[in-house]
Amino acid sequence: MPRKAVTPRPAASGRDQQMEQLVSSFFQLIGEDGSREGLVETPARVRMAVEEVFSGYRQDPKKILKTFTKDVCKEMVILKNCEFYSTCEHHLFPFFGHISVAYLPNRRIVGISKLARLVDCFARRLQIQERMTAQIADAIMDVLDARGVYVMCEATHFCMTSRGIRKQDASMVTTAIRGAFEKSESLRLEFLAAVTGNISVK
Ligand code: ZN
């Protein structure tokens with residue numbers, strides 16, 4: 001069934017109006033007619049999209065990572081292939097891809113969905129991929145007091161595929177390695193085997 005077009009919410013505050021005004025000014029600057037049918041509601045839509053895409057500024061990583069001290073295991077815990085969507089702070093273009101996160105528990109563990117929320121908390125801001133990868137690792141080390149963290153992120157950057165050097169198939173991979181993972185090659189290999197290979201649990 002075709003989805004019904006949703007009418008955007010009207011601006012509720014001075015801040016909302018300012019945001020919509022910015023979008024209207026942008027139309028003028030690029031030579032568009034903001035009063036034509038297709039664009040009339042766009043400033044309100046952009047404002048609502050911006051609220052969602054940059055919602056990470058309103059989140060606190062410490063509050064997201066609710067930890068448990070019961071049933072703590074010693075072995076590696078992995079969130080594999082978690083998709084994310086972020087915005088490059090140099091061009092305001094999207095970059096997106098997948099992140100895998102592993103940690104070695106110490107005295108605390110965390111719900112796996114909380115790790116995914118942590119990824120979004122840092123992704124939904126103006127970012128560079130290197131910093132986002134490091135921030136996720138450091139937050140887990142800090143809040144969980146983990147023995148080690150390994151974060152690997154692979155992303156496609158619109159600022160590279162759609163403009164500039166225009167490389168369609170290139171992706172960027174960044175890693176952040178902390179604690180016991182820095183010292184142990186076997187731990188790093190265990191992580192890499194888990195996130196790059198197919199693990200079958202039978
Ligand atoms: Zn960029």
Side-chain angles (χ1 to χ4, degrees), residues 8 15-34 38-39 41-62 64-65 78-103 114-143 149-178 181-182 188 191-192 195-196:
R15 184 177 163 275
D16 287 356
Q17 282 166 4
Q18 241 182 322
M19 185 72 80
E20 291 183 20
Q21 192 53 51
L22 270 174
V23 180
S24 302
S25 304
F26 174 74
F27 288 155
Q28 249 177 11
L29 288 169
I30 61 169
E32 257 296 355
D33 169 13
L39 292 181
E41 291 185 338
T42 299
R45 281 196 203 95
V46 172
R47 179 206 4 114
M48 287 161 64
V50 161
E51 266 174 37
E52 186 179 335
V53 169
F54 297 110
S55 57
Y57 291 110
R58 299 190 298 273
Q59 292 166 11
D60 178 356
K62 287 196 175 78
I64 289 173
L65 291 178
I78 304 176
L79 171 70
K80 182 174 164 177
N81 276 340
C82 174
E83 68 265 31
F84 74 92
Y85 177 97
S86 190
T87 308
C88 148
E89 70 182 22
H90 298 143
H91 301 94
L92 301 190
F93 274 27
F95 70 95
F96 52 89
H98 291 86
I99 291 189
S100 293
V101 179
Y103 74 97
K114 302 294 188 289
L115 288 180
R117 282 192 59 204
L118 182 75
V119 167
D120 281 345
C121 160
F122 288 115
R124 292 180 176 273
R125 303 172 184 212
L126 290 179
Q127 274 292 7
I128 62 169
Q129 187 180 326
E130 295 89 331
R131 186 178 62 226
M132 180 180 73
T133 310
Q135 283 175 331
I136 293 165
D138 291 335
I140 296 168
M141 281 301 275
D142 184 28
V143 182
V149 176
Y150 199 144
V151 181
M152 181 179 273
C153 174
E154 179 165 17
T156 302
H157 290 245
F158 258 34
C159 57
M160 195 167 94
T161 57
S162 69
R163 55 159 291 287
I165 199 161
R166 294 189 195 180
K167 296 294 179 200
Q168 307 293 322
D169 297 324
S171 64
M172 184 158 127
V173 178
T174 47
T175 56
I177 302 168
R178 305 283 185 267
F181 282 104
E182 289 179 283
R188 292 196 297 274
F191 169 77
L192 291 171
V195 299
T196 58

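Basis for what follows: all heavy atoms, side chains included, without hydrogens, waters or symmetry-related copies. We count residues from 1, following the sequence as given. Atoms within a ligand are numbered from 1 in the order they appear, just like the ligands themselves.
Here Thr133 pairs with Thr174 under the side-chain hydrogen bond (donor to acceptor under 3.5 Å, both in side chains) rule; sequence neighbours left out. Partners of Ala137 according to the side-chain contact (heavy atoms from CB on, under 4.5 Å) rule, which considers only residues two or more places apart in sequence or in another chain, are Val149, Val151, Ala176, Arg178. Scanning for ring-ring contact (aromatic ring centres under 6.0 Å, His included) contacts around Phe96 gives Phe158, with sequence neighbours left out.
Excluding waters, the set of protein N/O/S atoms under 2.8 Å from the Zn ion (ligand 1) reads Cys88 SG, His91 ND1, Cys159 SG.
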- prompt: Run the side chain to side chain contact (heavy atoms under 4.5 Å, CB included) check on Met152 and Tyr150 step by step: do they pass?
  reply: CA-CA 7 Å; Met152 181 179 273; Tyr150 199 144; 4.3 Å; yes
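For the atom pair OG1 (Thr196) and CG (Asn81), the distance works out to 10.0 Å, reported to the nearest 0.5 Å.
Using a cut-off of 4.0 Å between Lys/Arg side-chain N and Asp/Glu carboxylate O, Glu89 and Arg131 are scored as salt-bridged.
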